[in-house]
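Before any comments, here is the structure.
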Amino acid sequence: MTEPTSPAPSDFIRDIIDEGLRANKHEGRVATRFPPEPNGYIHIGHAKSVCLNFGIARQYQGTCNLRMDDTDPLGESMEYVESIIRDVRWLGFDWEDRLFYASDYFEKLYQFAVELIKTGNAYVCSLNAEEVRENRGTFTEPGKESPYRNRSVAENLDLFARMRAGEFADGAHTLRARIDMASPNIVMRDPVLYRVKREPHYRTGDQWVIYPMYDFAHCLSDAMEGITHSICTLEFENNRPLYDWIVERLISGPRPRQIEFARLNLSYTVLSKRRLIELVKKNYVQGWDDPRMPTVTGMRRRGYTPEAIRNFCAQIGVAKNDNLIDVSLLEYCVREDLNEKAPRAMCVLRPLKVVIDNYPEDQVEQFECQNHPQRPELGTRQVPFSRELYIERDDFMEDPPKKYHRLGAGREVRLRNAYVIKYESMVKNEQTGEVVELHCTYDPQTGNATPSDGRKIQGVIHWVSARHAVSAEVRLYDRLFTIEDPGSEEEFLNYLNPASLTVLKTCYAEGSLQNAKPGSPYQFERLGYFNVDLDTQADKPVFNRIVPLRDSWTKIAAGEKKKT
RNA sequence: UGGGGAAUCGUUCAAUGGUAGGACGACGGACUCUGACUCCGUUAAUCAAGGUUCGAAUCCUUGUUCCCCAGCCA
């Protein structure tokens, strides 16, 4: 919607690309890739990377591949592959016929490894995991060379072939790069390239019992796909020398360049796969698509739109600074988009019955209501009005403060799209003291006009005709955690927000919401944006609150409270 | 501690030796049959200390703080 007019984004990565283009690297080609590991659902942090990689491809008329980085069979599955495909598509991106799997390269990668052995750049090491760790040294001390470092090429070739053939147990041997055990960069101390893992792979089955490590597979996958700019997150900066080391030895011609940017952190949530998995597996949320989750599928169910998420990703920018983006920016982007597209409707969340004493018992009037105040092309709908209504409990106070523009003793208020009503009396439950019913009178002149005597009505409240109301369930969501940066806490579960979900089962929606389709967003006037949930039944719609409307009253009320 | 990175309004991104700017937030106001939207305004920053320069967020020096790396994870 805003895309054609929005300026081309600029950041340090695009600067590097521009520079490369000027120097005519890669024959003016730009090729990126989004390389998730299919061992979990993608989240808003991945969305940043998706937007970056696909966005760059679009901007430079290049290509962006979707590649499953599936080199560790543990935890990977087709379910995750499918979810990633669905989510990236939903975000609005297209990789055409370029869906790739690192696992499709296993044979080629094996041949590359053989090549490395032949040139004396790799060897089979028979140290076990613990011994390798001990020999690696520390930050301050160099590592020790493996006793197997100087095996002959022939022996290495033989051993590596037998590793592949399944002659050895897990961990018995590894293939290691012969680099430098004294390197100040620990990544370069003869890193493991292949490990034996007798684990079936979700795609290759038991065809393989050795699997390449990320460092070996990733750079070569990039090279084989002709990737020009391999964009990844900051924690891989230390791995870049290894990336280059491998590619330089095995690939001729133009090589991909790795560029690192800072991953997204979002306030009041966690974005590490490990932690998200824990939330799901231990049932702190109801699944990957729980609307409280920062997963793409969760946000979709919540009712966030792809446009809003893309715009958010554009707003936050790309840099190398560690960041913690305030979730209010995301909410702003969601509201901005939904304000445009969501039709308005009325729904009462916490109902309080109102009887209009001077309104005829059997009378029903239809009020024509605009579906969108700024977009008349979205049309109108008929909303019935009758003697008994529901209003929001919050919209009545027995003894309201001055600035309260709603119903209270002696107060008048506008019913949205309908009459001005005036408070007359209330009925209380004698035991509890709770107000159970209000009696009001209406001013017949005010149907679609301001009062003829010129008096100003400050407040406008939403309402639903009791007789015509549709029973609905509404789910209110709040931030999942109570602290800004739960991701930085080891015991992050201690900071779960116990009130992150509130289920309201006795809500009343206007009749037009009867057949609302799952996935459609509405603005419930004065409340917020709501999405029709998957759990919706024919006779019982279920709505998720996507995000509340900005609310300046709460602040005023808080200020009032302080004064008294 | 060795290596690799990063430090600019509360948050985040920009300024590439020449007026420190935008967005979000916060605060104030206008408008209003949504206390929404919209509009207007205010707030507020160069990690520190030296140096180079007519001029420094930017270049140099010395510090300081934060992040990443010792998986056969990615």
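Proteins get letters first, then strands, A, B, ... in listed order; numbering begins at 1 in each. Quick note: numbers below take in every heavy atom, side chains included, and nothing from hydrogens, waters or symmetry partners.
Across the C1' atoms, B:rC9 and B:rA23 are found 12 Å apart, a figure rounded to whole Å.
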Inset, instruction - Treat a base pair as Watson-Crick or G-U wobble with both distances under 3.5 Å, then lay out RNA chain B in dot-bracket form, 5' to 3', with | for cross-strand pairs. - result: .((((((..((((....[..))))((((((.......))))))...(((((..]....))))))))))).....

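OP1 or OP2 of B:rA7 has at least one side-chain nitrogen or oxygen of A:Asn321 nearer than 4.0 Å. Taking 4.0 angstrom as the limit, A:Tyr214 places none of its side-chain polar atoms (N or O) nearer than this to OP1 or OP2 of B:rC73. Under 4.0 angstrom from either OP1 or OP2 of B:rA70 there lies no side-chain N or O belonging to A:Arg189. For A:Arg136 and B:rG71, the shortest distance from a side-chain N or O to OP1 or OP2 is below 4.0 Å. OP1 or OP2 of B:rU34 has not a single side-chain nitrogen or oxygen of A:Arg344 nearer than 4.0 Å. At the phosphate of B:rA26, OP1 or OP2 sits under 4.0 Å from a side-chain N or O atom of A:Lys555. For B:rA36, the OP1/OP2 oxygens have a side-chain nitrogen or oxygen of A:Ser552 closer than 4.0 Å. In this model, the phosphate group of B:rA74 is approached by a side-chain N or O of A:Thr71 to a distance below 4.0 Å at OP1 or OP2. Residue A:Arg526 has a polar side-chain atom (N or O) positioned under 4.0 Å from OP1 or OP2 of B:rG35. One finds no side-chain N or O of A:Asn185 lying less than 4.0 angstrom from the OP1 or OP2 phosphate oxygen of B:rC69. In this model, the phosphate group of B:rC73 is approached by a side-chain N or O of A:Arg195 to a distance below 4.0 Å at OP1 or OP2. For the pair A:Lys320 and B:rA7, the criterion of a side-chain N or O lying under 4.0 Å from OP1 or OP2 is not met.
In the set B:rC33, B:rC72, B:rC37, B:rC72 carries the atom at the smallest distance from any side-chain atom of A:Val132. Picking from B:rA70, B:rU34, B:rU11 the nucleotide with the shortest atom distance to the side chain of A:Phe139 gives B:rA70. With B:rG35, B:rG2, B:rU34 as the candidates, the nucleotide lying closest to the side chain of A:Gln523 is B:rU34. Distance from the side chain of A:Asp322 is smallest for B:rC67 among the nucleotides B:rG3, B:rC67, B:rC72.
The existence of a salt bridge linking A:Arg240 and A:Asp244 is excluded, since no basic side-chain nitrogen approaches an acidic carboxylate oxygen closer than 4.0 Å. Between A:Arg416 and A:Glu525 a salt bridge is recorded (basic side-chain N to carboxylate O distance below 4.0 Å).
Using a 3.5 Å distance cut-off with no hydrogens or angles, the side chains of A:Gln370 and A:Arg375 do not pair a donor with an acceptor. A side-chain donor from one of A:Tyr105 and A:Glu225 sits under 3.5 Å from a side-chain acceptor of the other.
Geometrically, A:Arg275 engages A:Phe492 in a cation-pi contact, judged by NZ or CZ lying under 6.0 Å from the ring centre and within 45° of the ring axis. Both the sub-6.0 Å distance and the 45° axial angle are satisfied by A:Arg203 relative to the ring of A:Tyr101.
Between A:Leu415 atom CG and B:rC33 atom P there is a gap of 15 Å when expressed in whole angstrom units.
Outside the 6.0 Å centre-distance limit, the rings of A:Tyr268 and A:Phe481 are not counted as a close aromatic pair.
Applying the 3.5 Å distance criterion, the base of B:rG35 shares a donor-acceptor pair with the side chain of A:Arg406.
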